[in-house]
Amino acid sequence: MSEEFNFVPFEDVGGKFSSYTISIATHSGFGFNSGFYKRENIKQYSRVKLSYDKNKKAIGFYFTNDETLRGTCKITHSKNKNSGSVVVRSFFLANNINPAEYTGKYTPKSYEDSKMGKLFYIILEKNVEDT
């Protein structure tokens, strides 16, 4: 009796798997960095719906492919499909958030929302350490 294996070739040499972060850029954008992007399989989604809890300074990210869902933003996927981003100046303006004050990388947490389902969120901190 011989053993059977299901080996999957590893091809992402040099990939950044430890960067499980969402970043805020000064140009009013969010970056879905490689570790988060890969672990949560963000490449399967075309859109993201943002939400904001002003009291907790929490930004929520709900990933979807539903183009009819009101208020979603198109995700720009990198050519190598290892990261993604959205530029949402209107989100920052509408919520009176100055992205320059909150630039940096944030480790997202997941949350089960009673209306939307699984979403990820970050808590804003002034000029987070850019690791």
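All residue numbers in this chain count up from 1 along the given sequence. This is a predicted model, so every value here is computed, not measured.
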message: For Asn96, is the CG atom crowded, meaning more than 12 foreign heavy atoms sit under 6.0 Å from it?
response: no
Taking [X] for its side chain and [Y] for its backbone only, find out whether a donor-acceptor pair lies under 3.5 Å.
| X | Y | answer |
| --- | --- | --- |
| Thr103 | Ile24 | no |
| Asn33 | Gly35 | no |
| His77 | Tyr45 | yes |

field: Partner residues of Tyr62 under the ring pair (Phe, Tyr, Trp, His ring centres under 6.0 Å) criterion, sequence neighbours left out
entry: none
Could you check if a side-chain atom of [X] sits within less than 4.5 angstrom of a side-chain atom of [Y], using non-hydrogen atoms only?
| X | Y | value |
| --- | --- | --- |
| Leu69 | Lys49 | yes |
| Val87 | His27 | yes |
| Ser51 | Met116 | yes |
| Leu119 | Ser110 | no |
| Thr72 | Thr64 | yes |
| Tyr37 | Lys43 | yes |
| Phe32 | Glu40 | no |
| Tyr52 | Ile97 | yes |

field: Phe36 ring center within less than 6.0 Å of Tyr20 ring center
entry: yes
statement: Test side chain to side chain contact (heavy atoms under 4.5 Å, CB included), reference Ile59, set Ile22, Ile122, Ile123, output is Ile122
task: Decide yes or no on salt bridge (Lys or Arg N to Asp or Glu O under 4.0 Å) for Lys126 and Glu101, but give the supporting numbers first.
output: CA-CA 5 Å; Lys126 296 241 179 182; Glu101 292 181 18; 2.7 Å; yes
